[in-house]
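Below is one structure, written out as structure tokens; comments come after it.
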Amino acid sequence: MSQPRPLVAGNWKMNGLSASLQEVKTLAGRLKANDTIAAQVMICPPATLLAALSTELEGSKILTGGQDCHAETSGAHTGDIAAEMLADAGAGAVIVGHSERRADHGETSENVRAKAQAAYRAGLTAIICIGETQTQRKRGDALKVVSAQLSGSLPGAATSENTVIAYEPVWAIGTGLTPTLEDVGEVHSHIRAELAGRLGEGEAAGLRILYGGSVKPGNAAELMGVANVDGALVGGASLKADDFWAIVSVYAASHTMG
Ligand code: PEP
């Protein structure tokens, strides 16, 4: 299988009010005016903005996604959102297993796998996040942790069509710190090999593995230029059209990869 089409996804986390839709309108306008961007572009806003954003982006090149979902279809789960509801609001994907969900809500890899299965059930792509803490990296356990999270979180029904993996070292999220390019390359090739063991070489080659953690306009080209990095999951720098556009532009035909 040939190299997958890159994906640059913005995770707005608990940020954004109606006025923020203007940032996305700006972004959609730039994408429309520049048809050389090879990457798919996605925004995962807070649930309150998902329907409005999806409507706003109809007919544009930007996809929308949720930030989490419940494993069940419906029921007595106050405050939770089913994958079907995200799809109904216009989402094409959902992030599951973000480290903030794993840490703040005690989500285990088993929970994450059930959520990814719910995403498939609703016809959504599951963006499954994995990554080590700083203590785990310092201990030399990064690959071991990533392997365990991947094997626990990835459903048996995963394919290159319905799943994206996001490698996000916990210590790099929102801190301005990033791993060395060598370390990023090592983890991504390790994930690719693990996927090949699970899904077969062909399927694994087509499954996108994103890097996430302090991706900014200034470091995006070099990070996206690492082998087996098929795009980015971007938090803080996805909130402003100018910053996110600069990251997406790494995939413009005229841009030379770092
Ligand atoms: C994230 O939350 O997925 C993320 C990568 O955040 P940031 O880009 O702000 O580090």
Side-chain angles (χ1 to χ4, degrees), residues 6-16 20 23-24 27 39-47 49-50 62-69 86 91 93-105 107 109 112 115-116 119 124-134 136-137 142 145-146 149-150 153 163-181 183-184 187-188 191 208-224 226 228-251:
L7 169 66
V8 180
N11 172 17
W12 281 11
K13 313 191 189 197
M14 199 173 72
N15 296 296
S20 319
E23 296 295 326
V24 185
L27 190 68
Q40 253 179 356
V41 178
M42 183 186 291
I43 301 282
C44 302
L49 292 179
L50 186 55
I62 305 180
L63 306 171
T64 60
Q67 297 179 8
D68 177 50
C69 65
L86 297 174
V94 58
I95 299 169
V96 293
H98 191 281
S99 64
E100 287 152 17
R101 300 286 319 172
R102 290 181 190 258
D104 297 354
H105 300 268
E107 291 186 8
S109 289
V112 175
K115 289 176 181 223
L124 302 178
T125 299
I127 302 175
I128 302 175
C129 301
I130 55 177
E132 81 286 355
T133 63
Q134 193 148 43
Q136 289 163 333
R137 173 154 287 276
V145 169
V146 161
Q149 288 185 349
L150 183 66
S153 307
T163 303
V164 171
I165 301 298
Y167 167 57
E168 299 207 305
V170 178
W171 52 273
I173 295 178
T175 58
L177 302 172
T178 51
T180 64
L181 300 181
D183 285 344
V184 172
V187 177
H188 277 244
I191 293 170
R208 289 174 290 191
I209 308 172
L210 311 185
Y211 168 77
S214 295
V215 176
K216 307 282 178 217
N219 62 16
E222 57 181 18
L223 285 164
M224 300 305 101
V226 173
N228 289 303
V229 175
D230 306 311
L233 183 56
V234 184
S238 69
L239 293 170
K240 291 279 167 233
D242 286 346
D243 288 347
F244 199 48
W245 176 248
I247 293 170
V248 166
S249 297
V250 165
Y251 290 105

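In listed order, ligands and their atoms are each counted from 1.
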Problem - 4.5 Å side-chain heavy-atom contact, Tyr211 and Val187 - result: no
Handout entry: Close side-chain approach of Asp68 to His105, heavy-atom, < 4.5 Å
Key = no
Problem - Under the ring-ring contact (aromatic ring centres under 6.0 Å, His included) test, residues paired with Tyr167 that sit two or more places apart - result: His188
Exercise for the section: Using salt bridge (charged side-chain N to carboxylate O under 4.0 Å, His left out) as the criterion, list what pairs up with Arg102, not counting sequence neighbours. Expected result: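 Scan of Arg102 (salt bridge (charged side-chain N to carboxylate O under 4.0 Å, His left out), adjacent residues dropped) gives none.
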Handout entry: Residues in contact with ligand 1, criterion: heavy atom under 4.0 Å
Key = Asn11, Lys13, His98, Glu168, Ala172, Ile173, Gly174, Gly212, Gly213, Ser214, Leu233, Val234, Gly235, Gly236
Practice task
Using the test side chain to side chain donor-acceptor pair (under 3.5 Å), find all partners of Thr64 that sit at least two apart in sequence or belong to another chain.
Solution key: Ser54
Exercise for the section: Can you see which heavy atom on Gln67 is nearest to which on Trp12, and at what distance? Expected result: NE2-C, 3.8 Å
